[in-house]
Amino acid sequence: MDKIPILRMGQFLLVTIQVDLYDRLALDLEADLVKMVSKTGARGILIDISAVSIVDSFMGRIIGNIGVMSKLLDAETVVVGMQPAVAITLVELGLPLKGVYTALNVEKGMDLLKNKIQLDEEEEIGPDDDNSNDLTE
Amino acid sequence: MITATISLNKDTLNVLREQDVVVFRNRVKEYAVKIKMGLVNQTKLITAASELVRNMLRYANGGQIIIEVVSRGRDNGIRLTFKDEGPGIPDIKLALTDGYSTGKSLGLGLPGTKRLVNEFDIKSEVGKGTRITIIKWANG
């Protein structure tokens, strides 16, 4: 039985998809990730799809679901490393993956997650910080 | 409308289980590489194929797929024919509408697939089955 490993790094969970996903594997990943977020209290999920050459509507839906589900558990999801051909195909298919954040590569994805979480924490302390808006970019 | 073409190379695959999908996708990829299809078109073709094979598994418990290299003038392409003996589609026009689905999907499968390929032909008879043919040209 194949399984996609989920790595924990501080407040984040990292997933690198290196194999051709079939439906069962994708569904298992979705369930595993949501459980893991709940168990570890992770604040962010980073999914690296740079090795994925095909994202069809089912896979796209799973990625979107992971984004929405993790959001319900107070975690953000960033998808990184999408191949240009995959982006073109997704948009023509009619699935622009609106629900999740995206970044060009793992490094930028991590920065994005860190910023998102920092912003959240500052809002919790109080919106009196004048510089809080500068962090959005 | 599928235009007159010459079939050069042919392969038949039965897809009955989810795991067969990966094998099928790889086979399509091999064919596409063989005719020197560009990466974007390859991705579109394999994604389209993936959508159709998923439909076939979900609604008809699998079926048969024919992969062919076809030629029209100077252009080469891949033709995929999906045949199943499932319930058939009562209203093809409706099934080709964005956002329509009888299952739990987003309803992007058929209309999305049509946008990804150069030629798309669908024939379906309720109670007998469905036959979908798509062609993606290497330079299409």
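Here is the naming used below: chain letters follow the sequence lines, and residue numbers restart at 1 for every chain. Since this is a predicted model, take the numbers as computed values, not measurements.
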> Counting heavy-atom pairs under 4.5 Å to chain B, which of A:Gln83, A:Glu92, A:Met59 comes out on top?
Replying inline: A:Glu92
>> Tell me which one of B:Arg54, B:Arg58, B:Arg17 satisfies salt bridge (Lys or Arg N to Asp or Glu O under 4.0 Å) with A:Asp23.
In response: B:Arg54
> Does A:Tyr101 share a hydrophobic cluster with A:Phe12, counting links as ILVMFWY side-chain heavy atoms below 4.5 Å and allowing steps through other members?
Replying inline: yes
>> Same cluster or not: B:Val23 versus B:Ile67, using hydrophobic residues (I, L, V, M, F, W, Y) connected whenever any side-chain heavy atoms lie under 4.5 Å apart?
In response: no
> Looking at B:Asn26, B:Val22, B:Asn41, B:Val21, which one has more heavy-atom pairs under 4.5 Å with chain A than the rest?
Replying inline: B:Val22
> Are A:Ile4 and A:Ile49 linked, directly or through other ILVMFWY residues, by side chains that come within less than 4.5 angstrom of each other?
Replying inline: yes
> Roughly how far, to the nearest 0.5 Å, is OG1 of B:Thr43 from CG of A:Asp56?
Replying inline: 12.5 Å
> How many angstroms lie between atom CD1 of A:Ile88 and atom NZ of B:Lys44, to the nearest 0.5 angstrom?
Replying inline: 6.5 Å
>> Testing B:Leu45, B:Leu116, B:Ile46 one by one against A:Thr89 for a side chain to side chain contact (heavy atoms under 4.5 Å, CB included), which residue passes?
In response: B:Leu116
>> Measuring from atom CG of B:Asn55 to atom OG of A:Ser57, what distance do you get when rounded to the nearest 0.5 angstrom?
In response: 8.0 Å
> In terms of heavy-atom proximity below 4.5 Å to chain B, should A:Leu21 be classed as side chain, backbone, both, or neither?
Replying inline: backbone
> Going through the checks in order, is the side chain to side chain contact (heavy atoms under 4.5 Å, CB included) test met by A:Leu93 and B:Thr47?
Replying inline: CA-CA 9 Å; A:Leu93 191 63; B:Thr47 307; 4.2 Å; yes
>> Regarding A:Arg24 and B:Glu18, does a basic nitrogen lie under 4.0 Å from an acidic carboxylate oxygen?
In response: no
> A:Leu27 and A:Ile47: same hydrophobic cluster, using ILVMFWY side-chain contacts below 4.5 Å?
Replying inline: yes
>> Looking at B:Lys34, I want to see if its NZ is surrounded by more than 12 non-hydrogen atoms of other residues, nucleotides or ligands under 6.0 Å.
In response: yes
>> Looking at B:Gln19, I want to see if its CD is surrounded by more than 12 non-hydrogen atoms of other residues, nucleotides or ligands under 6.0 Å.
In response: yes
> If Ile, Leu, Val, Met, Phe, Trp and Tyr residues are connected whenever their side-chain heavy atoms lie under 4.5 Å apart, and connections chain through other members, are B:Ile66 and B:Val53 in the same group?
Replying inline: no
> Can A:Ile54 and B:Lys29 be said to form a side chain to side chain contact (heavy atoms under 4.5 Å, CB included), step by step?
Replying inline: CA-CA 11 Å; A:Ile54 299 298; B:Lys29 170 116 187 159; over 6 Å; no
